Novice: 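Sharing a structure with you now.
All heavy atoms count here, side chains included; hydrogens, waters and symmetry mates do not. One-based numbering along the sequence shown. This one's a predicted model, so the numbers in the text were calculated from it and none came from an experiment.
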Amino acid sequence: MSEISRPKKQIYKNYTEEDFSVWKILFNRQIDNLKEIVAQEFLDSLKKMQFNPHKIPDFKEVNRILKNSTGWKIKTVPNIAEAKDFFSCLSKKQFTTTCWLRSMSEIDYLEEPDMFHDVFAHIPLLINKNYSDFFHKIGQIGLSVINDEERLKKLQRLYWFTIEFGLLKSGSKHKIYGAGIISSKGESENAMAKSSTKEDYNVKKIMNHDFRTDVIQDTYYVIESFDQLINSISDIKKELA
């Protein structure tokens, strides 16, 4: 699907048989891949959101559930939102998401996020209070540094290594909560591999850790709990002061 033709809002009746097939394949494949390695909080949230392989999520239903839990909502966009729009939406408890799905020919690789990444991987944890409170605060902080390129870059690194590629400690094991890992078979396998580096969550260290978007990650940061994320907001503000 070309960039020009991507829809700006979800019109549910426009989804094709191929769209439903793509959603079903991706959902079943990732659930099977993740069931032993993803954070229980994600699985619990996925169930509460009533996501399943047989039905592409209807944003009206999703927004109803989100509103009744943590007050969040989906804001549909055709493509990746610019930083200012993205953080502005987060600050208002709005998560920007596309509503188009990759084609069957792109099912194993896509250059930019489609709604499977945005919705399946990101949306469920928005009903977890501590996680979504952290997300909300990140949006507010992002707006405060939006015109400072260096400070914005530091915050984007923190977002990358938590919301997108974060790991959670569960007993003696590591579990996945980052959406970039959740939506990717290759990334989830790599995150659990002994060969990848796992570091303790450290705001200062993360903010000075560059990343690339076009390769599998080699380093992941591990939180003790979502409480740790929300409790680190003061440290984040201090690093950006």
Side-chain angles (χ1 to χ4, degrees), residues 1 3-4 6-10 42 45 49 57 59 62-63 65-67 69-102 110-166 177-184 187 203 206-214 217 221 223 226 229-230 232-233 236-237 239-240:
M1 188 180 289
E3 182 174 324
I4 294 176
R6 286 176 182 164
K8 296 181 180 180
K9 65 178 181 178
Q10 187 185 51
F42 175 81
S45 296
M49 291 303 307
F59 290 0
V62 171
N63 280 337
I65 295 171
L66 289 175
K67 181 181 179 181
S69 55
T70 55
W72 280 74
K73 67 176 292 186
I74 286 176
K75 180 178 180 180
T76 314
V77 293
N79 306 291
I80 297 173
E82 295 295 327
K84 187 172 184 179
D85 292 335
F86 179 70
F87 285 114
S88 176
C89 284
L90 291 186
S91 73
K92 294 180 285 188
K93 292 190 173 184
Q94 297 175 359
F95 183 73
T96 57
T97 177
T98 55
C99 61
W100 56 273
L101 276 160
R102 68 194 75 181
L110 194 67
E111 290 186 2
E112 61 178 301
D114 67 346
M115 74 169 285
F116 183 74
H117 169 81
D118 291 342
V119 176
F120 174 84
H122 273 290
I123 296 300
L125 281 173
L126 288 179
I127 65 173
N128 180 289
K129 188 178 187 310
N130 282 337
Y131 176 92
S132 63
D133 283 351
F134 174 75
F135 218 167
H136 184 213
K137 293 292 185 183
I138 290 296
Q140 293 174 328
I141 295 169
L143 273 187
S144 72
V145 300
I146 201 68
N147 295 316
D148 187 317
E149 184 177 348
E150 187 55 38
R151 289 197 292 170
L152 181 61
K153 186 182 295 183
K154 285 175 178 276
L155 189 64
Q156 288 172 323
R157 289 169 183 156
L158 187 86
Y159 180 93
W160 184 261
F161 287 111
T162 54
I163 300 298
E164 291 292 351
F165 290 94
Y177 75 90
I181 316 176
I182 286 172
S183 63
S184 168
E187 198 72 56
V203 169
I206 292 173
M207 284 188 168
N208 289 285
H209 188 158
D210 283 327
F211 63 86
R212 287 177 58 183
T213 63
D214 60 340
Q217 304 304 300
Y221 288 88
I223 61 171
F226 291 144
L229 286 181
I230 193 65
S232 71
I233 290 296
I236 294 168
K237 291 179 177 179
E239 286 298 320
L240 294 175

Novice: Does Ser184 reach the main-chain N or O of Ile181 with its side chain, forming a donor-acceptor pair under 3.5 Å?
Specialist: no
Novice: So does Lys154 have more than 12 non-hydrogen atoms from other groups sitting under 6.0 Å from NZ?
Specialist: yes
Novice: Phe226 and Phe135: aromatic ring centres closer than 6.0 Å?
Specialist: no
Novice: With the side chain counted from C-beta on, respond yes when Leu229 and Asn130 share a heavy-atom pair under 4.5 Å apart, and no when they do not.
Specialist: no
Novice: Do you know the tightest heavy-atom contact between Ala81 and Thr96?
Specialist: CB-OG1, 4.0 Å
Novice: Mind listing the closest non-hydrogen atom pair of His117 and Ser183 along with its distance?
Specialist: ND1-OG, 2.9 Å
Novice: To the nearest 0.5 Å, how far apart are CD1 in Ile182 and CZ in Phe42?
Specialist: 4.5 Å
Novice: Can you tell me how far the CG atom of Leu143 sits from the CD1 atom of Ile138, to the nearest 0.5 Å?
Specialist: 12.0 Å
Novice: For atom CD of Glu149, decide whether the heavy atoms of other residues, nucleotides or ligands shown that lie under 6.0 angstrom number more than 12.
Specialist: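 No, CD of Glu149 has 12 or fewer neighbouring heavy atoms, counting only those of other groups under 6.0 Å.
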Novice: Decide whether Asn128 and Ser45 meet the rule of one side-chain donor and one side-chain acceptor closer than 3.5 Å.
Specialist: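 Note: Asn128 and Ser45 side chains miss the donor-acceptor criterion.
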Novice: Working note: Lys93 + Lys75, criterion side-chain contact (heavy atoms from CB on, under 4.5 Å); need CA distance, chi angles, decisive distance, verdict.
Specialist: CA-CA 10 Å; Lys93 292 190 173 184; Lys75 180 178 180 180; over 6 Å; no
Novice: Classify the ring geometry of Tyr159 against Phe87: parallel below 30°, tilted from 30° to 60°, perpendicular beyond 60°.
Specialist: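 Perpendicular, since the angle between the ring planes exceeds 60°.
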Novice: Do the ring planes of Phe211 and Trp160 sit parallel (below 30°), tilted (30 to 60°) or perpendicular (above 60°)?
Specialist: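 The rings of Phe211 and Trp160 lie parallel, inter-plane angle below 30°.
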Novice: Can you tell me if Asn63 uses its side chain to pair, donor with acceptor, with the backbone of Ile74 under 3.5 Å?
Specialist: yes
Novice: What is the minimum heavy-atom distance between Leu158 and Ile206, and which atoms define it?
Specialist: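 So the minimum-distance heavy-atom pair works out to CA-CG2, 3.6 Å.
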Novice: For side-chain contact (heavy atoms from CB on, under 4.5 Å), just list the numbers for Asp118 and Ile123, CA-CA rounded to whole Å, side-chain angles, deciding distance to a tenth of an Å, and then say yes or no.
Specialist: CA-CA 7 Å; Asp118 291 342; Ile123 296 300; over 6 Å; no
Novice: Do the side chains of His122 and Ile163 get nearer than 4.5 Å, heavy atoms only?
Specialist: yes
Novice: For a quick test of reading the model, state the closest non-hydrogen atom pair linking Phe134 to Ile236 and the distance between them.
Specialist: CE1-CD1, 3.8 Å
Novice: Give me the atom names and distance for the closest heavy-atom approach of His136 to Leu90.
Specialist: CD2-O, 3.3 Å
Novice: Kindly compute the distance separating NZ (Lys237) from CD1 (Ile141), expressed to the nearest 0.5 Å.
Specialist: 5.5 Å
Novice: Check the pair Ile127 / Leu66 against side-chain contact (heavy atoms from CB on, under 4.5 Å), numbers first and verdict last.
Specialist: CA-CA 6 Å; Ile127 65 173; Leu66 289 175; 3.5 Å; yes
Novice: Which distance, rounded to the nearest 0.5 Å, do you find between the CG of Leu126 and the CG of Asp133?
Specialist: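 CG of Asp133 is found 11.0 Å from CG of Leu126.
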Novice: Evaluate side-chain contact (heavy atoms from CB on, under 4.5 Å) for Glu187 paired with Gln217, printing each intermediate quantity in order.
Specialist: CA-CA 7 Å; Glu187 198 72 56; Gln217 304 304 300; 3.3 Å; yes
Novice: Any donor and acceptor pair, going by atom type alone, linking the side chain of Ser88 with main-chain N or O of Asp85 inside 3.5 Å?
Specialist: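 Side chain of Ser88 to backbone of Asp85: no pair is present.
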Novice: What distance separates Glu150 CD from Met207 CE, expressed to the nearest 0.5 Å?
Specialist: 11.0 Å
Novice: Between Gln10 and Phe59 (side chain of the first, backbone of the second, donor and acceptor by atom type, cut-off under 3.5 Å), is there such a pair?
Specialist: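 The answer is yes, because a donor-acceptor pair under 3.5 Å joins these two groups.
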Novice: Would a distance-only check, ignoring hydrogens and angles, find a side-chain to backbone donor-acceptor pair under 3.5 Å from Thr76 to Lys8?
Specialist: no
Novice: If we only count heavy atoms from C-beta on, is the Leu152 to Ile146 side-chain gap below 4.5 Å?
Specialist: yes
Novice: On a heavy-atom basis, which atom in Pro7 and which in Trp100 lie closest, and how many Å separate them?
Specialist: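 Shortest heavy-atom separation between Pro7 and Trp100 comes out as CD-CB, 4.1 Å.
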